[in-house]
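One structure is given below, encoded as structure tokens.
To find a chain, count down the sequence lines: A is the first, B the second, and so on, and within it residues start at 1. No experiment lies behind these values; they were computed from the predicted model shown.
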Amino acid sequence: MNMDVLVSLCKRRGFIFQSSEIYGGTGSCWDYGPLGVELKNNIKRAWWRDNVQLRPDMVGLDASILMHATVWRASGHLDHFTDPMVDCKACQRRFRADKLDEQSWIHYCPATKGNKFEVPGGEPCKHCGARRTLCPECGKGELTAPRQFNLMFKTFMGPVEDEAAVTYLRPETAQGIFVNFDNVLQSMRLKLPFGIAQIGKAFRNEITPGNFIFRTREFEQMEIEYFVNPHETIDGRPADEAWHDRWMEERLAWYRRYGIRADNLRLREHDKSELAHYAKRTADIEYRFPMGWSELEGIANRTDFDLRQHAQFSGKSLTYYDEDRRTHVVPYVIEPSAGADRSLLAFLVDAYQEEEVRGEKRVVLRLHRALAPTKIAVLPLLKKRTDIVATARELHDRLARRWVTVYDDTAAIGRLYRRQDEVGTPYCVTVDVQTVGDSDKGEAGDRCVTIRERDSMEQIRVPIEDLSQVFDRLLGEAAWDEVARAYPRAKS
RNA sequence: GCGGGAAUAGCUCAGCGGUAGAGCGCCAGCCUUCCAAGCUGGGGGUCGCGGGUUCGAAUCCCGUUUCCCGCUCCA
């Protein structure tokens with residue numbers, strides 16, 4: 001599929017709008033519309049439930065976005081997140097100024113009649129003695145003066161800028177967890193291993209935002225910091241390494257559980273040169289996006305780096321008392337860090353399908369029922385029959401108390417179904433003449449409605465009294481076939 | 001920041017010097033008892049913005065902003 005198709009659908013159907021669009025839009029920022037916010041909330045809710053509420057070893061946290069500036073000194077972000085960069089004026093390549101002298105460079109040597117060859121990093125040319133001044137890649141272009149790239153959003157706490165304390169919008173939610181490690185440990189009486197989870201906004205001045213909501217400067221993370229005792233072993237392996245593997249499996253399974261096709265997911269191990277300054281090992285969960293395989297979630301072994309740094313900078317002890325070994329330990333931490341917006345994009349991309357039905361194109365979002373923004377649409381088959389409309393409205397109001405339900409009577413039934421398909425509504429309930437009967441002919445209604453399933457377009461006839469219990473199952477764990485079996489099929 | 005492309009209706013796009021168009025969607029009515037049916041009607045755009053050329057600019061020129069795609073970078 002093409003990303004533009006999805007961008008267009010998202011706008012047209014109220015999932016995602018360009019930020020500040022009436023002013024021409026603003027780069028890299030996107031707003032979630034009425035359906036988008038439901039979808040995103042559902043994703044976050046599923047993540048929270050599966051990773052926090054259903055696990056005895058996990059607790060949650062919601063830390064402030066603005067933190068003490070020293071946090072970012074301790075975490076290493078202030079040093080590592082700001083790089084001086086230079087550009088080649090000829091070939092447009094960009095380089096880190098501080099790494100320029102380390103890399104080999106292309107040289108057109110005047111002493112050898114302008115022959116082109118590569119000189120090792122940091123060394124002068126053996127023939128003419130020249131040192132590198134031009135672009136190391138093309139050997140021809142001049143480089144611009146170094147420019148400072150600050151990947152953190154700097155801001156001021158306090159209304160008077162001169163007197164205010166400089167701080168930063170957090171570039172990751174993780175640090176909020178680390179600085180609260182001891183608070184959580186003490187208040188919740190936790191034993192290793194345990195994890196702290198957090199969902200929240202983070203901000204990075206990405207050099208190259210883009211690909212719709214894939215890389216944005218303001219984004220939402222779903223992070224877990226899972227603390228383990230480095231002195232323990234599991235099946236003969238250090239606990240941190242064993243838990244790293246477990247979390248990779250667990251997280252991969254999570255995406256599959258909510259409908260992402262296995263062959264669109266893969267794990268990619270970082271090689272040594274790619275590792276962040278704190279990481280012992282990192283593996284990414286990648287999804288096959290329209291623009292190629294890209295990271296959904298990074299699962300890193302951050303070792304005891306962060307707790308040690310914060311202990312040092314704050315002067316507070318951030319240790320855990322190991323009763324068995326009668327010693328204080330600094331836990332190691334495994335960090336599964338997922339992007340909420342990226343997940344949402346992956347769920348959308350994976351769910352989007354076009355198919356041909358009776359010679360017409362049908363666009364359907366096969367979203368997992370737990371994620372679908374609206375669960376049920378109630379549709380009257382005939383709009384001018386007031387009894388049908390009244391029954392449909394009544395049904396809608398009843399169902400809406402428990403599930404996100406919409407009512408629509410503004411078009412013919414076929415069109416109404418297609419609209420719901422396009423936004424991924426898993427079930428439609430249709431009220432027809434048989435439901436309410438025909439008082440002119442003295443016929444009583446059967447008080448049954450049709451439930452139509454999105455993916456198969458199959459329909460069953462269900463008594464209104466059963467609806468609540470049927471949707472409990474259809475929107476819970478039960479498979480469609482399992483539920484549908486008990487009811488007569490309706491022809492479409 | 002550099003290079004390239006683009007900016008016209010909600011969406012997709014045509015128009016490329018002579019008073020703003022199509023398809024789809026949307027809204028209303030008629031019709032219709034189950035998968036984008038039909039008919040009638042309707043709303044909606046100072047053609048990104050600013051300047052210039054011209055009798056006349058969506059169209060040509062200059063500037064500018066924004067978006068998209070590459071490149072550099074991604075904790």
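Counting only heavy atoms from C-beta on, Arg415(A) has its side chain closest to A36(B) among C31(B), U12(B), A36(B). Distance from the side chain of Arg452(A) is smallest for C35(B) among the nucleotides C35(B), C11(B), A36(B). Ranking A75(B), C68(B), U32(B) by closeness to the Leu382(A) side chain, first place goes to U32(B). Among the nucleotides U32(B), C35(B), C34(B), the one closest to the side chain of Arg461(A) is C34(B). Checking C11(B), U32(B), A75(B) against the side-chain heavy atoms of His77(A) singles out A75(B) as nearest. Across C11(B), U33(B), A28(B), the shortest atom-to-atom separation from the side chain of Lys11(A) is found for C11(B). For Arg204(A), the listed nucleotide lying nearest its side chain is A75(B); candidates were A75(B), C35(B), C68(B).
In terms of position on RNA chain B, the residue among Ala411(A) and Thr450(A) whose nearest nucleotide sits closer to the 5' end is Ala411(A). When the nearest nucleotides of RNA chain B are assigned to Val449(A) and Arg215(A) by heavy-atom distance, the more 5′-ward of the two goes with Val449(A).
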Show the numbers, then the answer: is there a salt bridge (charged side-chain N to carboxylate O under 4.0 Å, His left out) between Arg170(A) and Glu223(A)?
CA-CA 13 Å; Arg170(A) 65 183 178 199; Glu223(A) 290 198 304; over 6 Å; no

For side chain to side chain donor-acceptor pair (under 3.5 Å), just list the numbers for Tyr287(A) and Asp350(A), CA-CA rounded to whole Å, side-chain angles, deciding distance to a tenth of an Å, and then say yes or no.
CA-CA 9 Å; Tyr287(A) 177 75; Asp350(A) 217 69; 2.4 Å; yes

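G17(B) sits 36 Å from C39(B) when the P atoms are compared, rounded to a whole Å. Across the P atoms, A57(B) and C49(B) are found 15 Å apart, a figure rounded to whole Å. Here, G52(B) and G44(B) have their P atoms 31 Å apart, quoted to the whole Å. The same atom, P, is picked in U46(B) and in G21(B); the two are 14 Å apart, to the nearest Å. A gap of 8 Å separates the C1' atoms of G10(B) and C26(B), to the nearest Å. The separation of A28(B) from U33(B), taken at their C1' atoms, amounts to 23 Å, rounded to a whole angstrom. Between the C1' atoms of C30(B) and U65(B), the separation comes to 48 Å (whole Å). Straight-line distance between the P atoms of G45(B) and A22(B): roughly 15 Å, to the nearest whole Å.
One finds a side-chain N or O of Arg419(A) lying less than 4.0 angstrom from the OP1 or OP2 phosphate oxygen of C26(B). Checking the phosphate oxygens (OP1, OP2) of A75(B), no side-chain nitrogen or oxygen of Arg302(A) falls inside 4.0 Å. OP1 or OP2 of U32(B) sits under 4.0 Å from a side-chain N or O of Lys384(A). Phosphate contact (OP1/OP2 of C30(B), side-chain N/O of Lys383(A), threshold under 4.0 Å): absent. Look at Thr430(A) and you won't find any side-chain N or O under 4.0 angstrom from OP1 or OP2 of U33(B). In this model, the phosphate group of C69(B) is approached by a side-chain N or O of Asn211(A) to a distance below 4.0 Å at OP1 or OP2.
One can place CZ of Arg418(A) at 13 Å from P of C26(B), the figure rounded to the nearest angstrom. Atom pair Arg217(A):CZ and C74(B):P shows a separation of 16 Å (rounding to whole Å applied). Going from atom CD1 of Ile413(A) over to atom P of U33(B) covers 13 Å, rounded to whole Å. Rounded to whole angstrom, the span from the CG atom of Leu6(A) across to the C1' atom of C11(B) amounts to 14 Å. Following rounding to the nearest Å, Asp409(A) (CG) and U32(B) (P) show an atom-to-atom distance of 17 Å. Taking atom CG of Leu416(A) as the reference point, atom P of G25(B) lies 13 Å away to the nearest angstrom. Taking atom CZ on Arg13(A) and atom C1' on C24(B), their separation rounds to 12 Å, with Å as the unit. Distance, Glu443(A) CD to U33(B) C1': 13 Å, rounded to whole Å.
Nucleotide G3(B): paired with C69(B) (Watson-Crick or G-U wobble, both distances less than 3.5 Å). Pairing of C26(B), defined by two Watson-Crick or G-U wobble distances under 3.5 Å, is identified with G42(B). Summarising the base pairing, U64(B) is matched to G48(B) through a Watson-Crick or G-U wobble pair whose two defining distances lie under 3.5 Å. Summarising the base pairing, A14(B) is matched to no nucleotide, lacking a Watson-Crick or G-U wobble pair whose two defining distances lie under 3.5 Å.
Of all heavy-atom pairs between Gln221(A) and Ser337(A), the closest is NE2-OG, 3.8 Å.
Under 4.0 Å is where a charged nitrogen must lie from a carboxylate oxygen, and between Asp408(A) and Arg415(A) no such pair does.
As judged by a 4.0 angstrom heavy-atom cut-off over every strand, Thr410(A) is placed among residues touching the sugar-phosphate backbone only.
Side-chain N/O atoms of Ser8(A) and base N/O atoms of C11(B) include no donor-acceptor pair closer than 3.5 Å.
Remark: the backbone N or O of Leu474(A) is paired with a side-chain donor or acceptor of Tyr427(A) at under 3.5 angstrom.
In this structure, a donor-acceptor pair under 3.5 Å is absent between the side chains of Asn301(A) and Glu241(A).
Of the candidates Phe203(A), Trp72(A), Phe153(A), His77(A) forms a ring pair (Phe, Tyr, Trp, His ring centres under 6.0 Å) with just one, namely Trp72(A).
Within a 6.0 Å radius of NE2 in His368(A), other residues, nucleotides and ligands contribute more than 12 heavy atoms.
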